[in-house]
Amino acid sequence: MTISIHGLAVSRGIAIGRAVIVASSRVDVAHYFVQADQVASEIERLRQARNAVAEEIVKVQQSLHELGPNDAHPELTALLDVHLMLLQDEQLTSGVKHWIVDRHYNAEWALTTQLEVIARQFDEMEDPYLRERKADLEQVVERMLRFMRGVASPVAPGEQGKPTQDSHVEVPLVLIAHDLSPADMLQFKQSVFAGFVTDVGGKTSHTAIVARSMDIPAVVGARSSSQLIQQDDWVIIDGDAGVVLVDPSPILLAEYGFKQRQGEVERERLSRLKHTPAVTLDGQKIELLANIEQPEDAAAALKAGAVGVGLFRSEFLFMGRSGKLPDEEEQYQAYRRAVEGMQGLPVTIRTVDVGADKPLDRGASRAGEDHLNPALGLRAIRWSLSEPSMFLAQLRAILRAAAHGPVHLLIPMLAHASEIRQTLVLVNRAREQLDNGGMAYGHVKLGAMIEVPAAALTIPLFLRYFDFLSIGTNDLIQYTLAIDRADEAVSHLYDPVHPAVLQLLASTIEQCRAKGKGVSVCGEMAGDVSLTRLLLGLGLRSFSMHPSQILAVKQQILRCDTTRLQAWAQSVLAAEDPAALMTD
Ligand code: PEP
Ligand code: MG
């Protein structure tokens, strides 16, 4: 029987595939397909790992034995016996083989997949003793993984994401996890998965943002989906409606297959707009910029017809590195790649914004991640100012990259005049350091993100110090409405058209325009086609969004007349319930 699970629609489209359940603790295990002629060597790697772990266990048993009967540890001996037994367990060995032979998963992926299958069975056992054996199985698998980590794979995972040519393994796969950090998500960016579902997460959580940038269907906040869905179940992900259908009937499969094809036709149609200038019916030129997470995303930005990068979230260079941060040279090379990738179009590089739902590392405790209220803690510029040598290295790297093309430097989450002044002192110091070292660097325009209500209420201060402003609506909404953007329990209150949010947006845009300063929106609102008319009506002329959203927003723009939208936008702004007017 088909089960339907409701969550939040975060990335559009329909994905149909078999479920791959990944435990949150195992997302860092490599996932890639091996070629048919590499299957035997993958099985051999597993066999070696199993033998090595078995040998380790036997050695410990022998040393216990040598201690003599007085020092015997009967419990430990019994436990080691259990581990040996689990290691040889037929269900584990044959199951893992099945994933490698029939699906061409790499050895580590096959092992963790089968672990999930067996772990579920343990969970369902009545006998508490047997249930507890799950922990032993996990330990045994962990030891095998550790062994394999130390032994280079003969199979190059370089071709990750490309299913093998064999037709029987060309089954689309969808990833189901309890939770994924933004860094985990990034790891899956070039991967094999056609869609994602997570149990937790809000619509503008960074995990959802990365899913959207991958342009594949995703649903977050689909509570207990990772429990309800079984390994290898057929699943439909409806990224438009935020629904996940498990074990769909043939009729549903046909219906969604049709919708999927319709989506492809629509994309094809939109792609024709790539070279069309984004100009409204009344001749207003609109700037459509791209949000990127990695230098390599510049290609997608150009492909979508972006006229620059409005937000390069540099923190993705800092995440998932076990605390070893990128040094100046590594960052310079990355920013330079982005700048060169954009072929003379401007690149807005935002300084590091870790903390809150973007931890440096899973379970790490830097950047205020282990604090009670991380979103209100040492995040973004606050962290940068507390680590001046790290911040200076980043500023130097960005200034050096500016020697290769137009770069704008964007500072996240400023709220205080003192933070602005400290930041500018450090930017000047970075320039001096480069001068002293005889290093080449370029001019940058300086911008501030407006994403804290305190900033939106003191725009004149910001306009005194900065060349342009960029409104981060994701955080502006979070902080104005006191709604954690990553918490699905309050996602129904996360309202981009709340009158308070609209007031802050409208007045920021108006004040920038009055002073002739550039202003754009780089939060998720910019890429939401249902809000394009409103933002145009409020006077916005620069939008920054994921490359995948650019053409749909452009299509809206081409149909709009801003002279007509102005009065309507003012009425929305004054309304008690603006959402009711949005469909006009
Ligand atoms: C925002 O807050 O709107 C924004 C663009 O920054 P981020 O989503 O990375 O916090
Ligand atoms: Mg933000």
Side-chain angles (χ1 to χ4, degrees), residues 10-11 181-183 185-186 201-213 220 289-294 297 301 309-319 347-360 367-369 374-384 408-415 419 447-456 462 468-487 491 494-498 501-502 504-505 508-509 519-528 531 535 540 542-547 549:
V10 294
S11 186
S181 76
M185 205 69 179
L186 205 62
K203 231 179 163 145
T204 58
S205 64
H206 285 91
T207 301
I209 288 175
V210 181
R212 215 167 287 137
S213 79
V220 302
L289 302 163
N291 289 356
I292 65 170
E293 276 90 36
Q294 292 173 306
D297 296 338
V309 168
L311 175 65
F312 176 0
R313 289 184 162 95
S314 70
E315 54 274 14
F316 281 89
L317 299 173
F318 288 66
M319 294 189 301
V347 177
T348 309
I349 304 174
R350 178 176 72 183
T351 60
V352 62
D353 178 7
V354 287
D357 74 327
K358 275 182 290 195
L360 278 174
E369 289 149 21
L376 302 182
L378 198 62
R379 175 188 165 189
I381 189 63
R382 302 171 180 183
W383 182 55
S384 296
H408 303 166
L409 175 62
L410 183 61
I411 312 293
M413 227 191 144
L414 288 163
E419 287 173 329
M449 288 197 68
I450 302 300
E451 46 185 355
V452 180
F462 284 81
F468 70 98
L469 301 183
S470 184
I471 310 175
T473 47
N474 306 335
D475 279 316
L476 189 61
I477 298 167
Q478 152 162 281
Y479 295 125
T480 304
L481 302 180
I483 300 298
D484 184 341
R485 61 193 267 193
D487 184 353
S491 63
Y494 191 93
D495 181 9
V497 295
H498 186 288
V501 174
L502 294 184
L504 295 177
L505 252 173
T508 302
I509 295 168
V519 58
S520 70
V521 168
C522 64
E524 297 300 295
M525 276 180 89
D528 183 341
L531 299 172
L535 292 173
L540 190 73
S542 173
F543 296 63
S544 192
M545 67 199 79
H546 297 294
Q549 298 162 321

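We use all heavy atoms of the structure for the numbers below, so side chains are in, but hydrogens, waters and symmetry mates are not. Both counts, for ligands and for their atoms, begin at 1 and track the order of listing.
Put simply, the side chain of I349 does not reach to within 4.5 Å of the side chain of L311, judged on heavy atoms.
Below 30°, between 30° and 60°, or above 60°: for H408 and F468 the angle between ring planes is between 30° and 60°, a tilted geometry.
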If you look at each N/O of ligand 1, which protein N/O atoms lie under 3.5 Å away, and at what distance?
| unit_1 | atom_1 | unit_2 | atom_2 | d |
| --- | --- | --- | --- | --- |
| ligand 1 | 2 (O) | E451 | OE1 | 3.0 |
| ligand 1 | 2 (O) | D475 | N | 3.0 |
| ligand 1 | 2 (O) | D475 | OD2 | 3.0 |
| ligand 1 | 3 (O) | G472 | O | 3.4 |
| ligand 1 | 3 (O) | T473 | N | 3.1 |
| ligand 1 | 3 (O) | N474 | N | 2.8 |
| ligand 1 | 3 (O) | N474 | ND2 | 3.2 |
| ligand 1 | 6 (O) | R350 | NH1 | 2.9 |
| ligand 1 | 8 (O) | H206 | NE2 | 3.2 |
| ligand 1 | 8 (O) | R313 | NH2 | 2.9 |
| ligand 1 | 8 (O) | N474 | ND2 | 2.9 |
| ligand 1 | 8 (O) | R485 | NH2 | 2.7 |
| ligand 1 | 9 (O) | H206 | NE2 | 2.9 |
| ligand 1 | 9 (O) | R313 | NE | 2.8 |
| ligand 1 | 9 (O) | R313 | NH2 | 3.4 |
| ligand 1 | 9 (O) | R350 | NH1 | 3.2 |
| ligand 1 | 9 (O) | R350 | NH2 | 2.8 |
| ligand 1 | 9 (O) | K358 | NZ | 3.1 |
| ligand 1 | 10 (O) | H206 | NE2 | 3.2 |
| ligand 1 | 10 (O) | R379 | NH2 | 3.3 |
| ligand 1 | 10 (O) | D475 | OD2 | 2.9 |
| ligand 1 | 10 (O) | R485 | NH1 | 2.9 |

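Minimum interatomic distance between M413 and M449 (heavy atoms only, all atoms of both residues): N-CB, 4.2 Å. Of all heavy-atom pairs spanning L376 and R382, the tightest one is O-NH1, 3.2 Å. Nearest heavy atoms, A211 versus S11: O-OG, 3.6 Å. The minimum heavy-atom distance linking Y479 with P453 is given by the pair CB-CD, 3.5 Å.
At least one N/O/S atom of D475, whether from backbone or side chain, sits less than 2.8 Å from the Mg ion (ligand 2).
Screening L476, T204, I477, I471 against M525 for a side-chain contact (heavy atoms from CB on, under 4.5 Å) leaves a single residue, I477.
Closest N/O/S atom of E451 to the Mg ion (ligand 2): OE1.
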